[in-house]
Every structure is written in structure tokens, then in C-alpha cells.
Amino acid sequence: MLIIGIVILAKIQIWIPKSRKFINGVPSVLINDGQIKLEELKKARLTTDELQGSLRLKNIGNVEDVELAILESNGKISTTLKPNKAPATKEDIQKIMDILAQNGVRSQSQNQSQEKTPPLFQEAYDEGDIVDYKPPIH
């Protein structure tokens, strides 16, 4: 009976799209531009401690850093950080590196790669270059 009920509810959602908001619920905005929406928290039956706990699980220490937090219909909270608080991507770092290179500033990793530093296992590299290497027989 339970499986039949689940299948029927799924079919109803496909046939009548407006029924989704009654069956699954609608997402609600809990934080907008760093401000907690207390009315939405009450509707969702959440406390500020629970909201802050879920933010901490996402490594967000301050509510003011959040641009938007939405309680999805599946019960999970999705967040987006403000642009100035979002972590840098590889693309962002590469742009900065390119700007620095244009201005004649080199990073330490570039300076180190240009220096002649021997590999960690120099002997193994040297032996790998020998074509006719035969181990000694005891």
C-alpha cells in the first residue's frame, strides 16, 4: 500500500504540476543579504541555533557573510556567500598571477622552479638514464 501511495503521489505531481507545492512544499528564503528572516524561520519550525549550526557545518562562521540561504523542499539548506567572502577559485588566482607577471613580480614558486635544485632521489634518476644497467650479482 505504501509503495502504491508513493507511486500515485509521483504521478499526480507529473500530471498536475501545481500540486507539487502542496505535496513537497516550496523553498523558503531564511537569510537574505546577511539578515535572518525570523518569520521564515518560524514557518520552517527552525531556531536560529539550528540555522547557525548548519552554516557552521558549511564552514560559514558569520551570518553576515551569507548572501542567500534557502531551505529547500527536501529539507536541506543551500547557501551562497557574498562575492567578497567567497573563496578564490583557481581562475581568480591565475588572473592575479598573470597581473603580477605583467608587472614584473614573480612568485616564490616560479623563483624556486628556476633555481637548480637536485631531485630528492638523484641516484634513482641517474640510474634510470643508464640503458644497460644490470644489478650486481652476489
Side-chain angles (χ1 to χ4, degrees):
M1 293 299 283
L2 183 63
I3 295 172
I4 294 171
I6 292 171
V7 171
I8 290 173
L9 283 176
K11 293 285 185 179
I12 289 173
Q13 289 180 47
I14 292 171
W15 294 329
I16 309 169
K18 289 185 179 183
S19 68
R20 288 184 197 153
K21 75 175 183 180
F22 298 112
I23 296 172
N24 290 334
V26 292
S28 60
V29 177
L30 301 177
I31 300 173
N32 190 8
D33 197 30
Q35 300 296 319
I36 297 176
K37 303 295 180 188
L38 295 175
E39 289 296 321
E40 292 296 321
L41 276 179
K42 286 180 185 177
K43 287 180 188 176
R45 296 186 192 110
L46 288 173
T47 65
T48 55
D49 291 336
E50 291 170 334
L51 177 62
Q52 290 173 343
S54 67
L55 292 178
R56 283 191 300 274
L57 288 174
K58 295 179 181 221
N59 294 324
I60 301 172
N62 194 350
V63 175
E64 294 172 357
D65 296 344
V66 178
E67 183 175 350
L68 192 65
I70 299 175
L71 177 63
E72 301 292 346
S73 58
N74 63 2
K76 295 186 178 184
I77 297 175
S78 60
T79 59
T80 56
L81 293 173
K82 291 182 179 178
N84 59 344
K85 297 294 183 175
T89 63
K90 287 183 179 181
E91 182 181 358
D92 296 335
I93 293 171
Q94 187 59 47
K95 286 179 184 178
I96 292 171
M97 296 296 289
D98 292 341
I99 291 170
L100 290 174
Q102 289 174 356
N103 292 327
V105 178
R106 288 198 266 187
S107 71
Q108 286 183 333
S109 62
Q110 288 175 336
N111 292 338
Q112 290 175 353
S113 65
Q114 290 179 353
E115 296 174 5
K116 297 289 182 179
T117 57
L120 183 59
F121 300 105
Q122 185 64 45
E123 296 85 16
Y125 288 115
D126 292 341
E127 289 176 3
D129 291 338
I130 300 172
V131 178
D132 295 330
Y133 177 73
K134 295 180 185 174
I137 301 173
H138 295 284

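FYI, side chains are in, hydrogens and waters are out, and symmetry mates aren't considered; it's all heavy atoms of this structure.
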Apply the test side chain to side chain contact (heavy atoms under 4.5 Å, CB included) to residues Leu41 and Leu71: give CA-CA distance (whole Å), side-chain angles for both, the deciding distance (0.1 Å), then the verdict. CA-CA 9 Å; Leu41 276 179; Leu71 177 63; over 6 Å; no

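- Lys85 places no side-chain N or O within donor-acceptor distance of the main-chain N or O of Asn62, the cut-off being under 3.5 Å.
- Looking at heavy atoms from C-beta onward, Asn32 lies in side-chain contact with Leu68 at the 4.5 angstrom threshold.
- Of all non-hydrogen atoms in Glu50 and Arg45, the two that sit nearest each other are OE1-O, 4.1 Å.
- Of all the heavy atoms in Gly34 and Lys82, the pair that sits closest is N-CE, 4.2 Å.
- A donor and an acceptor atom, one from each side chain of Gln102 and Asp98, are nowhere located under 3.5 Å apart.
- Ile70 and Val26 end up in different hydrophobic clusters when Ile, Leu, Val, Met, Phe, Trp and Tyr side chains are linked at under 4.5 Å.
- Contact check for Thr48 versus Val63: no side-chain heavy atoms found under the 4.5 Å cut-off.
- Of all heavy-atom pairs spanning Gln13 and Arg20, the tightest one is O-NE, 3.4 Å.
- Of the residues Asn84, Leu81, Thr80, the one that meets the side chain to side chain contact (heavy atoms under 4.5 Å, CB included) test with Glu67 is Thr80.
- Across every non-hydrogen atom of Asp49 and Arg56, the tightest pair is O-NH2, 4.4 Å.
- If you chain together hydrophobic residues whose side chains sit under 4.5 Å apart, Ile23 and Val7 never meet in one group.
- Other residues, nucleotides and ligands contribute only 12 or fewer heavy atoms inside 6.0 Å of the CD1 atom of Ile3.
- Looking at Glu91 and Lys95, a side-chain N of the basic residue comes within less than 4.0 Å of a carboxylate O on the acidic one, giving a salt bridge.
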